[in-house]
2 protein chains.
Amino acid sequence: MPTIKDVAKYASVSVATVSRVLNKKGYVSKEAEENVLKAISDLNYKPNSVARSLYHKTSKMIGLLIPDISNPFFPELARAVEDVALTYGYTVVICNTDEDIRKEAQYLEALQQKYIDGLILTTNQLSTENYENLGIPLVALDRQFSNRVPTVSSKNYEGARKATEYLIENGSEFIAHIRGPYHVKPADDRYRGFKDVVEEQGIAHIVVDCDFTMTNAMEVAEGLFEKYPTVDAVFASSDIAAAGVLKVAKSINKQIPEDLQIIGFDGIPLGEMLTPAITTVAQPIYKMGALSARLLIKQIEKQLLDVRNYEVETTIQYRETTRSDT
Amino acid sequence: MPTIKDVAKYASVSVATVSRVLNKKGYVSKEAEENVLKAISDLNYKPNSVARSLYHKTSKMIGLLIPDISNPFFPELARAVEDVALTYGYTVVICNTDEDIRKEAQYLEALQQKYIDGLILTTNQLSTENYENLGIPLVALDRQFSNRVPTVSSKNYEGARKATEYLIENGSEFIAHIRGPYHVKPADDRYRGFKDVVEEQGIAHIVVDCDFTMTNAMEVAEGLFEKYPTVDAVFASSDIAAAGVLKVAKSINKQIPEDLQIIGFDGIPLGEMLTPAITTVAQPIYKMGALSARLLIKQIEKQLLDVRNYEVETTIQYRETTRSDT
DNA sequence: CCCTTACCTGTAACCCGTTACACAAACTAT
DNA sequence: ATAGTTTGTGTAACGGGTTACAGGTAAGGG
């Protein structure tokens, strides 16, 4: 691999001149520039980004901290982040934290040592200071964070309200909510949205807990249908959970959506692949990822952010696990 | 961020001594070592990996080139690679190539400039020389590559044979194969496995082409069932395709598995989530990813590889889209 | 004709570690 | 006592860029 010195020698100029040509900075005569350009192409020279990083203390890399890329919510997000990053010349380092405080700390240290330029966080077991002390731009995606950190999330509360109202409009009278983990902001908001609507309208309801796995959702659903056979609608806090409910409901021969309506949340591709396809409160996942990446890169490049907190709209994807009210 | 100089000053030694302590190399007196260790902890010093990279021409990073992380086959693979990488102190850079030659080239250049230590390839539109000229360790996953590059794949031919034989044992007499893209080794091997069995046993069959998307699979399946309504089994080259077939088959009221058996390939989680759950030839996806990562890191760390080509076993996951033969 | 300014270029310091090399002290062997 | 090891430490060069600064030339203004 040729270095800038080789190029300088070949073009009979100093390394400073080569650097000026590369970075289009400072005065360079036309002649010198041509020589340098020719040298670069003759030698197939590529500037070494590590050396650049060392001087500039930046790396053209961003970190994406997610709980687990195997969770179907995240691949699309990761894809969006990566697409945007690529167009701006950044590469993305992916970090599966499993919501484990030690793994997070380990990544943070490794990334900091690599002069990572910024972080997109969909996970934060560590206290926020740990992140802010890094002194690099951050974006919180789908999570609550300190108000110094720009956030991107969808209107979880509102989406949950819409979902619940829709179930009620379609005639359901005893609605179960399968909620997500506590202290996870989106899960809490969805729960509040549900609760507010059922209480306002005086609808019978029940809330059960569930983590993000389908196995757990199925267990929970089994218990639910056994204890409350008259439940006639389920609003699940995620599509994975909804899929679990659907599977269980079908196994005990409930007619969907006649006996039981199901509505999920997230809008992951899985929902469409199932039969019946799951009605869901879809978040624009790709858009959220892309937006986060753009917000992060804007900060990295010292541009001012006009808005610091984005709440994107959710839309109900009307599919086959709910009755139409029209 | 403190540097090695700060540590040296604080401990009243030279930077060389600090470096010796850090790397446990060369002679250091007990006293000096203690002072350095104290300085490191007092100042919370972390060695800068960029500076290290510059000197050593390595980065403790590996690249994972995949077509698209949104394709459900890859998240689990990525997860495995990342898990293994982490335990060996490597970080992974993820690159979605979309099988696009220009994106691949762009990534290759960026990664090379970052002194990436090695690459796991599940995609190669570029000619193999482009990769080999990088002069860094490679592992080809689920792809054919030059014989200088270690490969990891599953027994696609054998798996396809098993699947086809299983359908026949269960009484199917007119079997369709939905094959994957041409010139993609696994798809070709699966096709050969299918063809050999149906020809050996003289079973009526039909082969149709399909890419990796579910939408395409559904179109293909519609055409198939219209033209050949007597098809009584489908062997799909991927679970995604199988899911598409299943959805179409259900929509035209075929009884599964009585009227139509379906068997997929891959063993992605989706298969289990569907109702009926899809019988599939499962590849040990996580294992393949982990194995690739270990092979790569072994090479990076200059250890000799005893075996260079791994073919892992597939196993049929007997689920609900096939009839049992017992 | 002198001074200012724009233009052009090279030297060397710097980013932050690593390590070759030189030097010194302490110890071993002869 | 002398040569040869082992141990311990510091200086400086190096990896591959970037840039402050100094120095030089040419053009324009008064």
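Any value given below was found using the heavy atoms of this structure, including those in side chains, with hydrogens, waters and symmetry copies removed. Just so it is clear: chains get the letters A, B, ... in the order the sequence lines come, proteins before strands, and each one is counted from 1. It should be emphasised that the depicted structure is a prediction, and the values quoted were computed from it without experimental measurement.
Between the side chain of A:D142 and the backbone N or O of A:T122, no donor-acceptor pair lies under 3.5 Å. Of the possible polar contacts, one joining the A:Q299 side chain to the A:L138 backbone as a donor-acceptor pair under 3.5 Å is found. Within the 3.5 Å criterion, the main-chain N or O of B:S53 finds no donor-acceptor partner in the side chain of B:T58. Side-chain atoms of A:D68 never come within 3.5 Å of backbone atoms of A:D98 as a donor-acceptor pair (strictly under, hydrogens ignored).
Checking the phosphate oxygens (OP1, OP2) of C:dG17, a side-chain nitrogen or oxygen of B:Y45 falls inside 4.0 Å. When the side-chain nitrogen and oxygen atoms of A:S14 are compared with OP1 and OP2 of C:dG10, one or more of them lie within a distance under 4.0 Å. An OP1 or OP2 oxygen of D:dT18 is reached within less than 4.0 angstrom by a side-chain nitrogen or oxygen of A:S19. For D:dG15, the OP1/OP2 oxygens have no side-chain nitrogen or oxygen of A:N48 closer than 4.0 Å. Contact check, A:S29 against C:dT9: a side-chain N or O comes under 4.0 Å of OP1 or OP2. At least one side-chain nitrogen or oxygen of B:T17 sits closer than 4.0 Å to the OP1 or OP2 atom of D:dG10. In this structure, A:R52 reaches the D:dT18 phosphate: one of its side-chain N or O atoms is under 4.0 Å from OP1 or OP2. Between B:Y27 and D:dG8, a side-chain N or O to OP1/OP2 separation shorter than 4.0 Å is absent.
Ranking C:dT19, C:dC15, D:dT19 by closeness to the A:H56 side chain, first place goes to D:dT19. When each of C:dG17, C:dT19, D:dT9 is scored by its nearest atom to the side-chain atoms of B:V28, the top-ranked nucleotide is D:dT9. For A:V15, taking side-chain heavy atoms from C-beta onward, the closest of the listed nucleotides C:dC16, D:dG10, D:dT18 is D:dT18. For B:R20, the side-chain atoms get nearest to C:dC21 when compared with the rest of D:dG16, C:dT18, C:dC21. Nearest to the side-chain atoms of B:Y55 among the listed nucleotides C:dG10, C:dA6, C:dT19 stands C:dT19.
Atom CG in A:L37 sits 8.5 Å away from atom CG in A:L22 (nearest 0.5 Å).
Rounded to an integer number of Å, the gap from NZ of A:K9 to C1' of C:dG10 is 15 Å. Between the C1' atom of C:dG17 and the CE atom of B:M1 lies a distance of 12 Å, rounded to the nearest Å. The CD-P distance, from B:Q113 to D:dG16, rounds to 14 Å in whole Å. Rounded to an integer number of Å, the gap from B:K25 NZ to D:dG8 C1' is 17 Å. The distance between atom CD of A:E31 and atom P of C:dC8, rounded to the nearest whole Å, is 11 Å. Rounded to a whole Å, the CG atom of B:L22 is 15 Å from the P atom of D:dT9. One interatomic measurement links the two molecules: NZ of B:K5 to C1' of C:dA13, which rounds to 10 Å at whole-angstrom precision. Atom P of nucleotide D:dC14 and atom NZ of B:K57 are separated by 13 Å, given to the nearest angstrom.
Between A:G26 and B:A51, the residue anchored closer to the 5' end of DNA chain C is A:G26, taking for each the nucleotide with the nearest heavy atom. The residue among B:A32 and A:I4 whose nearest nucleotide of DNA chain D is located toward the 5' end is B:A32.
Pairing each heavy atom of B:S59 with each of B:I116, the nearest pair is OG-CA, 3.4 Å. Residues A:N130 and A:L108 share a closest heavy-atom pair of O-CD2, 4.1 Å. Here the closest heavy-atom approach between residue B:V18 and residue B:A8 is recorded as CG2-CA, 3.7 Å.
Counting non-hydrogen atoms under 4.0 angstrom, B:V18 reaches nothing in the nucleic acid. As judged by a 4.0 angstrom heavy-atom cut-off over every strand, B:V13 is placed among residues touching the sugar-phosphate backbone only.
Between its opening and closing five pairs, the helix from C:dC1-D:dG30 to C:dT30-D:dA1 changes axis direction by 50°, a value rounded to 10 degrees.
Judged purely by distance below 3.5 Å, without hydrogens or angles, the side chains of B:T128 and B:S146 never pair a donor atom with an acceptor atom.
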